[in-house]
Amino acid sequence: MTAMVKAEGVHKSYGAAHILRGIDLEVQNGEVFCLIGPSGSGKSTFLRCINHLEKINAGRLSVDGQLVGYRQKGDKLYELKDSEIAAQRRDIGMVFQRFNLFPHMTALANVMEAPIQVKGETKAVARERAERLLDRVGLRDKAGNYPSQLSGGQQQRVAIARALAMEPKLMLFDEPTSALDPELVGDVLDVMRDLAESGMTMVVVTHEMGFAREVGDSLVFMDGGVVVESGNPRDVLTNPQHDRTKAFLSKVL
């Protein structure tokens, strides 16, 4: 079976800073794959490489059997055109730390926008799905509100609904709760839990160890741009094998 995400020797540098140093990992279809580690370990950079928001410098990265951002001819890789990269991104939903909603649009319009603009859907079809998704994230009654009228947690749930509106086969979450007040975190995690139960393939960069333990199928601890330890989340969190993992978990658990 083809892995949903496959990274082979992925490297990423910014100038002299070597952020990713040969990442090898696989995310299976329907899996909730959690990435943990200290700030600056390369987790968010790796996530952004999966949908080619960041270009990798070496290695190969594929989603659902397709190379991301490149085409192979012989043994050479050629970067795809912007339009081809955009077409690949349609299948990959991304939820950022900061919600990035359009401030001049209502919650409903935010969720409707991409299917209309990118997929050419009719307003009626897009609206019907947007209403259903807002209902799914518990915000049907906020459809007419603008982002400034919503709490951070509500904005993040709208952002999740907006990503789902494109009917992606893969969802990427970049520390989706880290900008939220503690009492708002639970509502967002509940939505993510519901998504996981529905079989959505998810790669989640998170500091929420409880979520990783309960909902995650696989867990990777990254530090210094490498995978230090990986395995079943419950095993890694309760019985880490590597000293660096132990030191990190002793501070966050």
Side-chain angles (χ1 to χ4, degrees), residues 32-48 50-51 53 93-114 130-166 168 171-198 200 202-216 219-223 233-234 236-237 247-253:
V32 178
F33 192 96
C34 296
L35 290 166
I36 65 168
S39 293
S41 58
K43 311 179 300 294
S44 294
T45 299
F46 176 70
L47 203 69
R48 293 169 68 85
I50 294 175
N51 64 0
L53 285 174
M94 179 134 188
V95 178
F96 299 88
Q97 221 168 336
R98 299 278 168 195
F99 328 118
N100 295 5
L101 297 177
F102 300 117
H104 60 290
M105 290 184 182
T106 63
L108 186 70
N110 262 287
V111 180
M112 288 171 62
E113 180 73 357
E131 287 174 345
R132 193 170 71 244
L133 287 169
L134 286 174
D135 192 36
R136 182 173 180 180
V137 300
L139 292 173
R140 183 184 272 274
D141 60 329
K142 303 290 185 189
N145 289 41
Y146 289 88
S148 61
Q149 299 168 310
L150 300 172
S151 72
Q154 290 168 335
Q155 289 185 60
Q156 193 60 294
R157 285 185 279 154
V158 173
I160 294 171
R162 181 178 63 177
L164 291 173
M166 289 295 286
M171 284 283 282
L172 308 177
F173 291 88
D174 189 8
E175 297 188 18
T177 58
S178 64
L180 302 179
D181 292 333
E183 70 269 23
L184 302 175
V185 167
D187 291 339
V188 173
L189 292 180
D190 284 345
V191 169
M192 292 171 65
R193 216 174 258 116
D194 171 62
L195 264 185
E197 283 169 9
S198 75
M200 175 63 76
M202 297 158 62
V203 182
V204 185
V205 173
T206 187
H207 293 300
E208 302 290 341
M209 300 302 155
F211 175 85
R213 184 188 286 112
E214 280 170 57
V215 184
L219 180 94
V220 157
F221 171 66
M222 281 177 69
D223 190 30
R234 287 156 288 291
V236 175
L237 293 173
F248 173 76
L249 292 174
S250 71
K251 293 194 181 87
V252 298
L253 287 178

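All residue numbers refer to positions in the sequence shown, counting from 1.
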Among all residues two or more places apart in sequence or in another chain, which pass the side-chain contact (heavy atoms from CB on, under 4.5 Å) test with [X]?
X: Glu113; result: Phe102, Met105, Gln117
X: Ser250; result: none
X: Pro233; result: Leu219
X: Glu214; result: Arg193

Can you tell me how far apart [atom1] ([X]) and [atom2] ([Y]) are? Round to the nearest 0.5 Å.
X: Met222; Y: Phe46; atom1: CE; atom2: CZ; value: 7.0 Å
X: Glu175; Y: Leu180; atom1: CD; atom2: CG; value: 11.5 Å
X: Asn110; Y: Thr106; atom1: CG; atom2: OG1; value: 7.0 Å

Pair Asn100-Arg162, side chain to side chain contact (heavy atoms under 4.5 Å, CB included): steps then yes or no: CA-CA 11 Å; Asn100 295 5; Arg162 181 178 63 177; 4.0 Å; yes

Which atom pair, heavy atoms only, marks the closest approach of [X] to [Y]?
X: Leu184; Y: Gly153; value: CD1-N, 3.8 Å
X: Ala163; Y: Gly93; value: CB-CA, 4.2 Å
X: Val111; Y: Ala161; value: CG1-O, 3.7 Å
X: Met94; Y: Leu47; value: CE-CD2, 4.0 Å
X: Leu195; Y: Arg136; value: CD2-NH2, 3.5 Å
X: Leu101; Y: Pro147; value: CB-CG, 3.9 Å

Trace of the side chain to side chain contact (heavy atoms under 4.5 Å, CB included) decision for Leu172 with Val95: CA-CA 6 Å; Leu172 308 177; Val95 178; over 6 Å; no

Looking at side-chain heavy atoms only, is the closest gap between [X] and [Y] below 4.5 Å?
X: Leu249; Y: Val252; answer: yes
X: Leu150; Y: Lys142; answer: yes
X: Glu131; Y: Asp135; answer: no
X: Met171; Y: Ile160; answer: yes
X: Pro176; Y: Met192; answer: yes

Which residues satisfy the side-chain hydrogen bond (donor to acceptor under 3.5 Å, both in side chains) test with [X], sequence neighbours excluded?
X: Thr45; answer: none
X: Thr206; answer: none
X: Glu208; answer: Thr177
X: Asp187; answer: none

Step-by-step side chain to side chain contact (heavy atoms under 4.5 Å, CB included) determination, Leu164 to Met200: CA-CA 10 Å; Leu164 291 173; Met200 175 63 76; 3.9 Å; yes

ring-ring contact (aromatic ring centres under 6.0 Å, His included) against Phe99, all qualifying residues, sequence neighbours excluded: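 With neighbours one apart ignored, the set is empty.
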
Residues which pass ring-ring contact (aromatic ring centres under 6.0 Å, His included) with Phe33, listed by chain and number, not counting sequence neighbours: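 Checked Phe33 against ring-ring contact (aromatic ring centres under 6.0 Å, His included); zero matches.
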
Those residues that, when tested against Asp223, pass salt bridge (Lys or Arg N to Asp or Glu O under 4.0 Å) (two or more places apart):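 Checked Asp223 against salt bridge (Lys or Arg N to Asp or Glu O under 4.0 Å); matches are Arg244.
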
Test salt bridge (Lys or Arg N to Asp or Glu O under 4.0 Å) applied to Arg98 - qualifying residues, sequence neighbours left out: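 Checked Arg98 against salt bridge (Lys or Arg N to Asp or Glu O under 4.0 Å); zero matches.
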
Trace of the side-chain hydrogen bond (donor to acceptor under 3.5 Å, both in side chains) decision for Arg157 with Ser151: CA-CA 10 Å; Arg157 285 185 279 154; Ser151 72; 5.5 Å; no

Phe96/Arg48 under side chain to side chain contact (heavy atoms under 4.5 Å, CB included): CA gap, chis, key distance, verdict: CA-CA 10 Å; Phe96 299 88; Arg48 293 169 68 85; 3.7 Å; yes

